[in-house]
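The structure appears below as structure tokens.
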Amino acid sequence: MDDSTSPSTPADASEHTRRRNAALASTLPIDDQADFERASRGLIAQHATGTIGDGHVVWDIHRHDFVRESDDAPDTVNPSLWRQARLNCIHGLFEVTE
């Protein structure tokens with residue numbers, strides 16, 4: 001496989017994609033942290049290792065660390081989907097009622 005098409009080497013966004021994602025971002029409340037506060041409300045604890053499975057890992061939260069590394073979506077990613085992915089990274093045991 002050519003390095004330019006390797007999954008670990010993402011291609012740069014085209015100018016069209018950059019413009020469209022920037023236009024969408026300008027219409028969204030990207031800086032509004034209320035959703036993150038609500039998604040974290042009642043968080044008691046997170047799994048010590050971040051992996052779930054017994055001999056075979058079925059979920060590893062660390063595979064999504066790249067999403068938590070930046071609040072801003074890369075030029076290649078829809079900013080709304082990036083924000084949703086960041087919200088999905090909030091995980092753990094939550095108190096939902098007394």
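Index from 1, following the sequence.
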- With a 4.5 Å heavy-atom cut-off, do Arg83 and Asp35 have their side chains touching?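 Yes, side chains in contact.
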Open item on the list: Quick one, Asp71 and Arg86 - any side-chain contact, counting heavy atoms below 4.5 Å?
Closed with: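 They are in side-chain contact.
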Query - Asn78: side-chain hydrogen bond (donor to acceptor under 3.5 Å, both in side chains) partners, not counting sequence neighbours - result: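 For Asn78 there are no side-chain hydrogen bond (donor to acceptor under 3.5 Å, both in side chains) partners, ignoring immediate neighbours.
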side-chain hydrogen bond (donor to acceptor under 3.5 Å, both in side chains) involving His47 - partner list, sequence neighbours excluded: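 His47 satisfies side-chain hydrogen bond (donor to acceptor under 3.5 Å, both in side chains) with Thr49 once adjacent residues are dropped.
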Treating Ile, Leu, Val, Met, Phe, Trp and Tyr as nodes and any side-chain heavy-atom pair under 4.5 angstrom as an edge, say whether Ile61 and Ile52 lie in one connected cluster.
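Same cluster.
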Which heavy atom of Pro79 sits nearest to which heavy atom of Leu24, and what is that distance?
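So the minimum-distance heavy-atom pair works out to CD-CD2, 4.0 Å.
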Kindly state each residue pair satisfying side chain to side chain donor-acceptor pair (under 3.5 Å) with at least one member in residues 24-33, sequence neighbours excluded.
->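 Listed by first then second residue: nothing to list.
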Pairs meeting criterion side chain to side chain donor-acceptor pair (under 3.5 Å) with involvement of residues 14-23, two or more places apart:
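Applying side chain to side chain donor-acceptor pair (under 3.5 Å) to every pair that reaches into residues 14-23, excluding sequence neighbours, yields Ser14-Thr17.
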Backbone N/O of Ser70 and side chain of Trp82: donor-acceptor pair under 3.5 Å: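 Side chain of Trp82 to backbone of Ser70: a pair is present.
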Using 0.5 Å steps for rounding, measure from the [atom1] atom of [X] to the [atom2] atom of [Y].
X: Glu69; Y: His64; atom1: CD; atom2: NE2; result: 13.0 Å
X: Cys89; Y: Gln84; atom1: SG; atom2: CD; result: 10.5 Å
X: Leu93; Y: Ile44; atom1: CG; atom2: CD1; result: 4.5 Å

Can you name the side chain to side chain contact (heavy atoms under 4.5 Å, CB included) partners of Ile90, sequence neighbours left out?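 By the side chain to side chain contact (heavy atoms under 4.5 Å, CB included) rule, Ile90 matches Phe36, Ala39, Ser40, Leu87, Phe94.
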key: salt bridge (Lys or Arg N to Asp or Glu O under 4.0 Å) partners of Asp65, counting only residues at least two apart   =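 Arg68.
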